[in-house]
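FYI, the numbering just counts along the sequence from 1. Just so you know, ligand 1 is whichever comes first in the structure, and atom 1 is the first atom listed for that ligand.
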Amino acid sequence: MTAPDFDAETVSLDWNDAGTVATLTVDRPDKLNALDETTLRAIPDALDAARDDARALVVTGAGEKAFVAGADIAHMSQLGVAEAYDYCQLGHAVMDAVEAFPVPVVAAVNGYAFGGGCELALAADIRVASENALVGQTEIDLGIVPGWGGTQRLARLVPDETARRMVFLGERLDAEACLDAGLVGEVVPHEECVEHAQGLAGRIAAKPRFALQGAKEALNQVHESPQSAGLEYEKRVWSGLFGTHDQQEGMEAFLEDRDPEFE
Ligand code: COA
């Protein structure tokens, strides 16, 4: 398989041998992968490049210390209200694009994930933390609040008390505290973090594509609509999968007591 073209200075896109799992790496290690405007703009481009072929995506940060140390403070320090709003809109659009990526996104939180870095991890579907991870919505200490979705996505993922402590106090949770809070699904040794996330993504990628997409869309509705509308949405996704190759193959394989061969 030929990997789709993607070229950016501070974001890279790599593929597994099967061409089913893409790894998007924020690659600005000298600034602990802080998201300046150039890097932010490159992320949706990378997602677009991965969209047609990826059956699962890993998001991570380059270097040994950080996942993403947040929005770029040097840049933010120069902004007035109108420019801050534009930067906020851009950050929101990037996090929305990660959340809406058609197949599951696994964040490999391989170090510091502060501010916008925490928000990037929150926009993923699933989070794997390295033992070195330190995660926080630390904006309060900069005189601001989470501005790329953190007030909403954090409070939906972890207990309300935890979210309020993190946002009010800028508390930084270590990997075990993240696990206890439900902020990440598992903690793995630092050096195995990205590979482990890629393995998990590979297991997801082996599942039937349309069912995965439908499952993600339906799960995302939990945050978009009242339960009654979400249940209606689920009915449409569920029934819409009937007649696909993978639905027929999955059920036939079960009935024939063999492993399915998905498309
Ligand atoms: N924005 C811009 N630059 C950042 C950054 C950010 N969010 N986080 C780190 N950097 C830069 C530092 O300015 C430094 O650059 P320099 O070498 O040119 O001086 C480089 O990354 C290394 O950071 P440094 O602070 O020297 O590393 P450290 O190991 O001592 O500390 C942190 C690491 C993550 C604890 C510290 O960098 C930090 O607190 N960063 C800000 C985190 C934050 O508040 N994020 C939320 C923003 S919304």
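- Nearest residue to atom 48 (S) of ligand 1 from A74, G147, P146, A71 is A71 (criterion: closest heavy atom).
- What sits closest to atom 23 (O) of ligand 1 on the protein, heavy atoms only, is L32 CD1, 3.5 Å.
- Looking at L142 next to ligand 1, no N or O pair under 3.5 Å apart turns up.
- Among protein heavy atoms, atom 29 (O) of ligand 1 sits closest to K65 NZ, 2.7 Å.
- In the model, E224 has no side-chain atom that pairs as donor or acceptor with a side-chain atom of Y233 under 3.5 Å.
- Ion pairing between a basic and an acidic side chain is recognised when a charged N comes within 4.0 Å of a carboxylate O; R153 and D96 show such pairing.
- Taking a 6.0 Å sphere around CD of Q248, one finds it holds more than 12 heavy atoms contributed by other residues, nucleotides or ligands.
- Side-chain N/O atoms of E139 and Q137 include a donor and acceptor closer than 3.5 Å.
- Nearest protein neighbour of atom 21 (O) of ligand 1, counting heavy atoms only, is K31 CA, 3.3 Å.
- Looking only at heavy atoms of the protein, atom 44 (O) of ligand 1 is closest to T138 OG1, 3.2 Å.
- Of the listed residues (G116, S77, A34, G117), the one carrying the non-hydrogen atom nearest atom 5 (C) of ligand 1 is A34.
- Heavy atoms of H75 stay at 4.0 angstrom or farther from ligand 1.
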### Message
Please determine whether salt bridge (Lys or Arg N to Asp or Glu O under 4.0 Å) holds for the pair R28 and D72, giving the CA-CA distance in whole Å, both sets of side-chain angles, and the decisive distance to 0.1 Å.
### Response
CA-CA 11 Å; R28 218 186 154 213; D72 192 290; 2.8 Å; yes

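- Proximity of T244 to E263: side-chain heavy atoms (C-beta onward) are nowhere separated by under 4.5 Å.
- Distances from atom 25 (O) of ligand 1 to the protein include no heavy-atom value under 4.0 Å.
- No N or O atom of E139 sits closer than 3.5 Å to an N or O atom of ligand 1.
- Put simply, atom 38 (C) of ligand 1 has no protein non-hydrogen atoms near it, under 4.0 Å away.
- The protein heavy atom nearest to atom 42 (C) of ligand 1 is A69 O, 3.4 Å.
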### Query
Can you list the steps and then say if D160 with R165 is a salt bridge (Lys or Arg N to Asp or Glu O under 4.0 Å)?
CA-CA 9 Å; D160 189 69; R165 282 173 176 266; over 6 Å; no

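- With a heavy-atom cut-off of 4.0 Å, I73 touches ligand 1 through backbone and side chain alike.
- Around the CD atom of E195, the shell of radius 6.0 Å holds no more than 12 heavy atoms that belong to other residues, nucleotides or ligands.
- In this structure E252 satisfies the side chain to side chain donor-acceptor pair (under 3.5 Å) test with no other residue, sequence neighbours excluded.
- In terms of protein heavy-atom proximity, atom 20 (C) of ligand 1 is closest to D30 O, 3.3 Å.
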